[in-house]
Visitor: 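The structure follows.
We name chains A, B, ... by the order of the sequence lines, and we start the count at 1 in each one.
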Protein chains: 2
Amino acid sequence: MLTIWLNYMVKSKKNIPAEQKILEAAKQVFFDKGMHGARMQDIADKAGINKAMLHYYFRSKEKLFETIFMDAIEHLFPKLNSILGSDKTAFEKIEMICVAYINQLQQVPYLPLFILSEANRQETFLKKLWANQKPPLKAFSDMIEKAIQQKQVKQINPLQLLMNILSLCIFPFAAKPLLQQVAGISKKDYAALIEERKKIVPQLIIQSIKK
Amino acid sequence: MLTIWLNYMVKSKKNIPAEQKILEAAKQVFFDKGMHGARMQDIADKAGINKAMLHYYFRSKEKLFETIFMDAIEHLFPKLNSILGSDKTAFEKIEMICVAYINQLQQVPYLPLFILSEANRQETFLKKLWANQKPPLKAFSDMIEKAIQQKQVKQINPLQLLMNILSLCIFPFAAKPLLQQVAGISKKDYAALIEERKKIVPQLIIQSIKK
DNA sequence: GTCTATACGCAGATAGAC
DNA sequence: GTCTATCTGCGTATAGAC
């Protein structure tokens, strides 16, 4: 949730719609074009308001971008915490994580590439973000280590396992335009492939660690 | 290989150094900042030549970028053809493909994100490129289909298999800054993880398709 | 081929009326 | 809060001397 919204909600309820419109428009344009490619004019047009308004609400393009970016990256680690904290088995949790990831990315398919690109450009933002909210890496590692000790899963580096999961879930979204072109398939067919992966990926992952 | 080099080599050998310097500098800057983020001045500075020279050799920023991009994307599908065309078994070929990919990306770790980003922005370039050189998707599919018929591998969609391979090989490079930050590990440790994946990835893939 | 100086347009940002 | 008009700087691109 964007804390700035809360501020304005307290100050004046009337400001919410305009600001929401701006944020929604900015999201679309930034996700599509990236920080540098995006134009304030495009955002204003898409929001149906004046360009000057953007500067009224968010002092600068940089600030507006940072707001969007921070909000977006928080969606990278969605309900992982709740899944990890549940009382399911390790295998069930892993499957749920994969499916949750793919499900969420289907809603926001442009997120991965956006975040990867900007994370690459500006490590600063990442550091700022971790200060607030660390991704639940520890909980994940602990789960795996525990399952290893209980002889349920093979000896494996949790980081490698995490990398495998993230790769298999996220990459197909980041590489969509490229892969779709290479395979020469329609948008719809590609979506079907993704849908299919909700079964394939967990299978693949679990099979690889099961003892 | 950049065909433009060849042209100049024929016309005048003296021009090669300046042009090489430009291309080398442009590569670095474009890979780092992307098309929009890159500045012609930065490229000129890095090349140790004048900004006007860039326009002398490559009429516009767009043209210079396209040159770099086209050259870069050709490295995406490296010696796949020679591997696929060899007389190894399907399993051996798959392992070789994984290792070849990771090996090559270790040389040019910035390539994946660059290509994914720009492919996302400009499908035009991709279409132009495929006109020249299609990636060996058909050869790959045929190999898998054949192995399926011979009961060596499970029934599986070759596209999904390819997606898995590419995901596991490429994503860790595209997500390096992010993952390194999340895991809180050094550049060196991350490199070690990647190195380890030359064993892990083929294992994982082959295990998943072996009957 | 290589340089300096400069033109030109665009995009971010502000001033100020309403 | 919202608008129009305007400033400013930067980045691409060109002109033209050497």
Visitor: dA5(C) C1' sits how many Å from M53(B) CE, rounded?
Guide: 15 Å

Visitor: For residues 26-45 of chain B, pull every pair meeting ring-ring contact (aromatic ring centres under 6.0 Å, His included), keeping only residues two or more places apart or in separate chains.
Guide: F30(B)-F65(B), F31(B)-Y110(B), F31(B)-F114(B)

Visitor: Starting at CD of E19(A) and ending at P of dT2(D), how long is that distance when rounded to a whole Å?
Guide: 10 Å

Visitor: For K199(B), is there an ion pair with E196(B) - N to carboxylate O distance below 4.0 angstrom?
Guide: no

Visitor: For K63(A) and dA13(C), what is the distance between atoms NZ and C1' respectively, to the nearest whole Å?
Guide: 14 Å

Visitor: Using side-chain hydrogen bond (donor to acceptor under 3.5 Å, both in side chains) as the criterion, list what pairs up with E92(B), not counting sequence neighbours.
Guide: T89(B)

Visitor: Can you check nucleotides 15-18 of chain D for protein contacts, nitrogen or oxygen pairs under 3.5 Å, and list what you find?
Guide:
none

Visitor: Is the backbone of I22(B) close enough, under 3.5 Å, to the side chain of K46(B) for a donor and an acceptor to pair up by distance?
Guide: no

Visitor: Go through the structure and list residues passing side-chain hydrogen bond (donor to acceptor under 3.5 Å, both in side chains) with S117(B), not counting sequence neighbours.
Guide: S117(A)

Visitor: Within residues 24-50 of chain A, which residues have any heavy atom lying less than 4.0 Å from an atom of DNA chain D?
Guide: N50(A)

Visitor: Grab the NZ-C1' distance between K51(B) and dA5(C) for me, whole Å please.
Guide: 11 Å

Visitor: Tell me: NZ of K61(B) to P of dT14(D), nearest whole Å?
Guide: 15 Å

Visitor: In whole Å, what is the span from the CG atom of L64(A) to the P atom of dA11(C)?
Guide: 16 Å

Visitor: Rounded to whole angstrom units, what separation is found between the OH atom of Y56(B) and the C1' atom of dT4(C)?
Guide: 17 Å

Visitor: Restricting to pairs with a member in residues 166-175 of chain A, which pass salt bridge (Lys or Arg N to Asp or Glu O under 4.0 Å), not counting sequence neighbours?
Guide: none

Visitor: Check the distance between dA15(C)'s P and H55(A)'s NE2 and give it to me in whole angstrom.
Guide: 12 Å

Visitor: Could you tell me which residues satisfy side-chain hydrogen bond (donor to acceptor under 3.5 Å, both in side chains) with Q122(B), sequence neighbours excluded, listed by chain and number?
Guide: T124(B)

Visitor: Sequence neighbours excluded and cut-off under 3.5 Å, please list the side-chain donor-acceptor pairs for residues 163-179 of chain A, or say none.
Guide:
residue : atom : partner : partner atom : Å
N164(A) : OD1  : R197(B) : NH1          : 3.0
N164(A) : OD1  : R197(B) : NH2          : 2.8
N164(A) : ND2  : Q160(A) : O            : 3.3
S167(A) : OG   : M163(A) : O            : 2.6

Visitor: Partners of K146(B) by side-chain hydrogen bond (donor to acceptor under 3.5 Å, both in side chains), sequence neighbours excluded?
Guide: none

